[in-house]
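Working notes, structure below.
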Amino acid sequence: MTAVALVTAGKLRVVESFIQMTLPFAEACNVGQAVRIDTTTGKWTKANGADAAEARVWGILVSKDAAGAVGTAIRKGIVDGYDLSSQAYDLAIYMSDTDGGLDDGTGSTVDVAVGRVVPAWSQTLGTAADKLLQIDL
């Protein structure tokens, strides 16, 4: 299992977004983290695979305002910005037991797949495709 991290902290590019939501934060969250809706406040909080209550992931945080008051998460879509160079195409990506974290293998207390590694051809044909994360929750 390998933790999946952003290439550049705080930077994630939305390629396609089919379902997304913008909410305020119940705690400090960063772009690229898995988030869930806090059942008491209705705000974003970090999700993780430590137990069933924490594993109710809604999506991946893709942006937040400068003050950190509100952020947008994608539930279904494709994003670019994770370092997926060592992962195979079509590999499932899971939540980790670390708050907001993603991993390329199961092993969390509660296994929740958040998406898959997909190819994207934006450069000259004949070279390797980029690797993006397709979020599918």
Side-chain angles (χ1 to χ4, degrees):
M1 294 187 328
T2 303
V4 175
L6 294 176
V7 173
T8 304
K11 296 204 183 241
L12 198 58
R13 183 175 68 89
V14 177
V15 177
E16 291 182 320
S17 175
F18 300 107
I19 300 175
Q20 67 182 39
M21 185 185 311
T22 301
L23 295 174
F25 295 105
E27 67 175 324
C29 298
N30 294 314
V31 169
Q33 292 183 316
V35 292
R36 62 183 175 85
I37 298 172
D38 184 290
T39 57
T40 303
T41 65
K43 298 177 180 182
W44 291 135
T45 189
K46 288 177 251 180
N48 65 62
D51 62 50
E54 293 280 328
R56 293 177 299 95
V57 61
W58 192 92
I60 303 297
L61 191 65
V62 295
S63 69
K64 62 183 194 173
D65 69 352
V70 298
T72 301
I74 290 183
R75 187 168 182 86
K76 292 201 183 296
I78 298 176
V79 294
D80 185 14
Y82 289 103
D83 181 1
L84 301 169
S85 58
S86 64
Q87 283 78 17
Y89 296 110
D90 203 36
L91 179 73
I93 301 297
Y94 296 87
M95 281 191 340
S96 73
D97 279 349
T98 303
D99 245 1
L102 302 178
D103 207 297
D104 70 357
T106 61
S108 298
T109 307
V110 180
D111 292 332
V112 178
V114 298
R116 303 190 91 64
V117 177
V118 296
W121 296 95
S122 61
Q123 66 275 24
T124 306
L125 290 176
T127 60
D130 291 334
K131 293 180 179 180
L132 309 180
L133 177 63
Q134 177 185 5
I135 303 165
D136 189 13
L137 294 164

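The model shown is predicted, which means the values in this text are computed figures rather than measured ones.
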Listed by chain and number, what are the side-chain hydrogen bond (donor to acceptor under 3.5 Å, both in side chains) partners of T40, not counting sequence neighbours? none

Are V31 and V4 co-members of a hydrophobic cluster defined by side-chain heavy atoms under 4.5 Å apart? yes

Answer whether the closest heavy-atom distance between the side chains of V117 and I93 falls below 4.5 Å. yes

Should E27 and K46 count as side-chain neighbours, where that means a heavy-atom distance under 4.5 Å? yes

Tell me every residue that passes side-chain hydrogen bond (donor to acceptor under 3.5 Å, both in side chains) with K76, counting only those two or more places apart in sequence or in another chain. D136

Can you see which heavy atom on T41 is nearest to which on A26, and at what distance? OG1-CB, 3.9 Å

Would you find a donor on one side and an acceptor on the other, under 3.5 Å apart, between the side chain of D104 and the backbone of T2? yes

Please report the interatomic distance CG(L6) to CD(Q33), rounded to the nearest 0.5 Å. 9.0 Å

So, taking the atom named CD in E16 and the one named CG in D80, what distance separates them when rounded to the nearest 0.5 Å? 12.0 Å

State the CG-NZ distance between D83 and K131, to the nearest 0.5 angstrom. 9.5 Å

Within this structure, what is the CG-CZ distance for the pair D51 and R56, rounded to the nearest 0.5 Å? 9.5 Å

Does some side-chain heavy atom of V57 sit less than 4.5 Å from a side-chain heavy atom of L137? yes

What residues, two or more places apart in sequence or in another chain, satisfy salt bridge (charged side-chain N to carboxylate O under 4.0 Å, His left out) together with R36? E54

Are L12 and V15 in one and the same hydrophobic cluster, where Ile, Leu, Val, Met, Phe, Trp and Tyr link if side-chain heavy atoms are under 4.5 Å apart? no

May I ask you to test the L132-V118 pair for a side-chain heavy-atom distance under 4.5 Å? yes

Look at the side-chain heavy atoms of Ile, Leu, Val, Met, Phe, Trp and Tyr, link any pair under 4.5 Å apart, and say whether L133 and V14 land in one connected group. yes

Nearest heavy atoms of G49 and A55, plus distance in Å: CA-CB, 4.4 Å

Is the shortest side-chain heavy-atom distance between K43 and L23 below 4.5 Å? no

If hydrophobic clusters are built from ILVMFWY residues whose side chains come within less than 4.5 Å, do L84 and L61 share one? no

Report yes or no: does D111 contribute a side-chain atom to a donor-acceptor pair with the main-chain N or O of A113 at less than 3.5 Å? no

Of the non-hydrogen atoms in V110 and A52, which two are nearest, and what is the gap between them? CG2-N, 3.6 Å

Is there a donor in the side chain of D99 and an acceptor in the side chain of N48, or the other way round, less than 3.5 Å apart? yes

Looking at G59, is its backbone amide N or carbonyl O close enough to the side chain of R75 to form a donor-acceptor pair, meaning the two atoms are under 3.5 Å apart? no

Side chain to side chain, I19 and W58, heavy atoms closer than 4.5 Å: yes

Could you walk me through whether V79 and I60 pass side chain to side chain contact (heavy atoms under 4.5 Å, CB included), step by step? CA-CA 9 Å; V79 294; I60 303 297; 5.5 Å; no

Can you confirm whether Y82 sits close enough to L102 that some side-chain heavy atom of one is under 4.5 Å from a side-chain heavy atom of the other? yes

Are M21 and V70 connected in a single hydrophobic cluster, I mean Ile/Leu/Val/Met/Phe/Trp/Tyr linked by side-chain heavy atoms less than 4.5 Å apart? no

Taking all non-hydrogen atoms of both residues into account, name the closest pair between A92 and R116 and its distance. CB-NH1, 3.5 Å

Find out whether W44 and I37 are in side-chain contact, i.e. whether some heavy atom of one side chain is under 4.5 Å from a heavy atom of the other. yes

